[in-house]
Number of protein chains: 2
Amino acid sequence: MSGTAGGAPARARLSRPAEITRRGLVDAATAVFAQHGFSGGSVRLITTKAKANQAAITYHFGGKEGLYREVLIAARDAFEKMGLLDEEGARTLPREEALRLFLRQYLLPLVKRNQFSRYLRIFAWETLSPTAVALKLSAERPFPMVVLSSRIVERFLPAGTSRRDGLVATLWLANQPMTFVRNAELLSREPFNLSFDAASVDELVETLAGLCLGGLGGSGPVRHG
Amino acid sequence: MSGTAGGAPARARLSRPAEITRRGLVDAATAVFAQHGFSGGSVRLITTKAKANQAAITYHFGGKEGLYREVLIAARDAFEKMGLLDEEGARTLPREEALRLFLRQYLLPLVKRNQFSRYLRIFAWETLSPTAVALKLSAERPFPMVVLSSRIVERFLPAGTSRRDGLVATLWLANQPMTFVRNAELLSREPFNLSFDAASVDELVETLAGLCLGGLGGSGPVRHG
DNA sequence: TTCCGCCTCAAACGAACGTTTGAATTTCAA
DNA sequence: TTGAAATTCAAACGTTCGTTTGAGGCGGAA
């Protein structure tokens, strides 16, 4: 046994057969973990999807956890490079607009069905019950969702807010869209009947923005412009 | 095989040995499911705790799901009979006070370690990924948390609010305290260091009440009186 | 062509899961 | 006290899980 179980040490070109196997496993794992979570996603399902052998996971990634780690790193990278909102936007945009972009970014997977949305569903699983893998990864470098939530929150809370209240509000804001991502299934059925086309996600963003901006005391959804 | 796998059809007095086994299993299951969730809690752990035989679960409850159903029913009954806030209170108390009681009721398990708090942690698991058992039970008669959330929300939202927005807000409010119950472990460590004594839960209730009442746009935590 | 390291493969391993079996025991009314 | 029903018990069943095994295929440098 001599797999490359470590991270990604200067791997060779994608045409190499072994690299194709790696990529296939990571892609399949992304889909499976998005649907079933880490503990619920089985390596047998992943290898079947990837048309690879079960032993390949141990060989290439050292095990299920190593493979999940690769998926999480790809997810973090994707959000850092391709998100609707980056850290600078969270600091410089009008704060209400930054909040809306934040909510939209983390509600869009309700309608889209691409790689990006799979990453988001994995994050939703992590906000349920964080895995050891994600906690370790997050300790090395925080995930964009947490960073953005923090940046936005600090633009709303008054200057004298205690550190504790700031942390609580950051955790709170990060969980606002995730609540609905987790309950997407529920929202699509009776009695909600949210169809999750682009328009209904827009509505949800506005409703949620209204709650986050004004709380229950606010005068309903806050409209643009 | 001739167990009483059905609900609770006029069972005999508690002194009956079989009834002691039943109660022991339900109590042990409550603790185990609170800690590990339904799918994560094993019947072996439950029967060990209850000093009962594994087959007893199938015999008395028809299986793991039947046992969980009993636990959920006990939890629902407990909240309906002993909660800080009942449906009438949610309708008649000053709405801010009703909201605070709601939040307090569902944040208290962070500090208490009794049967009541175990029920709440089970609800927290259910808000993560609802089990089929709970969905069915909830369809027959909704759980107090949902009913109370709905009653409170409808006292805040303006009269013209759409049915959809009302449902979304109800789901939203019900998830506000659960976010922190789920993340209790996280909150007790760095960088939060919330110790979860009575006082820090009071603070958390106030912080969260401020966010729910005024949103991020509110002027920080809203104080009593 | 030969050889060696990288990689894949079918198969099996050991552990954990919920459930079932069938005999033994206990309970309780007659 | 007796006998049938209710309940308990140790053991095993069948499935799924993540991982390991060891043989074999493959490709590129010598």
Side-chain angles (χ1 to χ4, degrees), chain A residues 1-6 8-29 32-33 35-71 131-133, chain B residues 1-26 28-29 32-33 35-71 131-133:
Chain A
M1 178 193 310
S2 65
T4 50
R11 271 190 301 283
R13 62 193 190 283
L14 259 77
S15 60
R16 270 182 56 195
E19 196 59 21
I20 290 174
T21 301
R22 275 188 67 103
R23 290 289 294 255
L25 284 172
V26 172
D27 285 349
V32 169
F33 289 142
Q35 189 170 1
H36 301 101
F38 173 68
S39 68
S42 80
V43 301
R44 277 173 175 81
L45 182 55
I46 292 169
T47 50
T48 300
K49 270 197 179 234
K51 300 191 212 306
N53 190 270
Q54 287 189 43
I57 289 181
T58 304
Y59 180 78
H60 284 289
F61 305 98
K64 187 187 183 187
E65 290 208 347
L67 173 56
Y68 188 52
R69 189 184 146 88
E70 293 283 297
V71 172
T131 62
V133 182
Chain B
M1 179 191 313
S2 65
T4 50
R11 270 191 302 281
R13 62 192 189 284
L14 259 76
S15 61
R16 268 183 59 198
E19 196 58 22
I20 290 174
T21 300
R22 275 189 67 102
R23 291 290 294 255
L25 284 172
V26 172
V32 169
F33 289 142
Q35 188 171 1
H36 302 101
F38 173 68
S39 68
S42 80
V43 301
R44 277 174 175 80
L45 182 54
I46 292 170
T47 50
T48 299
K49 268 196 181 239
K51 299 190 213 307
N53 190 272
Q54 285 188 44
I57 288 181
T58 304
Y59 179 77
H60 283 288
F61 305 98
K64 187 188 182 185
E65 290 208 346
L67 173 56
Y68 187 52
R69 189 183 144 88
E70 292 284 297
V71 172
T131 62
V133 181

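Every chain is numbered from 1, with letters handed out A, B, ... down the list of sequences. Just the heavy atoms: all of them, side chains too, but no hydrogens, waters or symmetry mates, feed the values below. In this text, all values refer to a predicted model and were calculated from it rather than measured experimentally.
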Query raised in the report: In Å and rounded to the nearest 0.5 Å, what is the CD1 to CZ distance from A:Ile57 to A:Arg44?
Result: 10.5 Å
Requested in this report: Measure from NZ on A:Lys64 to P on D:dG18 and round the result to the nearest Å.
Outcome: 4 Å
Report task. Kindly say if A:Ser42 contacts the phosphate of D:dT16, meaning a side-chain N or O under 4.0 Å from OP1 or OP2. Result -> no
Report task. Using atom CG of B:Leu25 as one end and atom C1' of D:dT8 as the other, report the distance to the nearest whole Å. Result -> 12 Å
**Report entry** Interatomic distance, A:Ile20 CD1 vs D:dG27 P [rounded to whole Å]
**Finding:** 12 Å
Query - Distance in angstrom units between A:Glu19 CD and C:dT8 P, rounded - result: 10 Å
Report task. Check the distance between D:dT8's P and B:Ile57's CD1 and give it to me in whole angstrom. Result -> 12 Å
Report task. Would you indicate, yes or no, if C:dC7 has its OP1 or OP2 atom less than 4.0 angstrom from a side-chain nitrogen or oxygen of A:Thr21? Result -> no
Query raised in the report: Rounded to whole angstrom units, what separation is found between the CZ atom of A:Phe61 and the C1' atom of D:dT19?
Result: 16 Å
N/O-N/O pairs, protein side and nucleotides 9-14 of chain D side, under 3.5 Å:
unit_1 : atom_1 : unit_2  : atom_2 : d
D:dA10 : N7     : B:Asn53 : ND2    : 3.0

Query - Listed partners of B:Gln35 passing side chain to side chain contact (heavy atoms under 4.5 Å, CB included), at least two apart - result: none
Report task. Go through the structure and list residues passing side chain to side chain contact (heavy atoms under 4.5 Å, CB included) with B:Ser39, not counting sequence neighbours. Result -> none
Query raised in the report: For B:Thr48, which residues count as a side chain to side chain contact (heavy atoms under 4.5 Å, CB included) partner, sequence neighbours excluded?
Result: none
Query raised in the report: Can you tell me how far P of D:dT16 sits from CD1 of A:Ile46, to the nearest Å?
Result: 17 Å
Query raised in the report: To the nearest angstrom, how far is A:His60 atom NE2 from D:dT19 atom P?
Result: 15 Å
Requested in this report: Hey, can you tell me if B:Phe33 and B:Tyr68 have their rings parallel, tilted or perpendicular (30° and 60° cut-offs)?
Outcome: perpendicular
Report task. Quick one: label B:Gly41 by what it contacts on the DNA or RNA (base, sugar-phosphate, nothing), any heavy atom closer than 4.0 Å. Result -> sugar-phosphate
Report task. Tell me, please, which residues at least two apart from B:Thr47 pass side chain to side chain donor-acceptor pair (under 3.5 Å). Result -> none
Report task. Applying side chain to side chain contact (heavy atoms under 4.5 Å, CB included), name anything that partners B:Ala55, two or more places apart in sequence or on another chain. Result -> B:Asn53
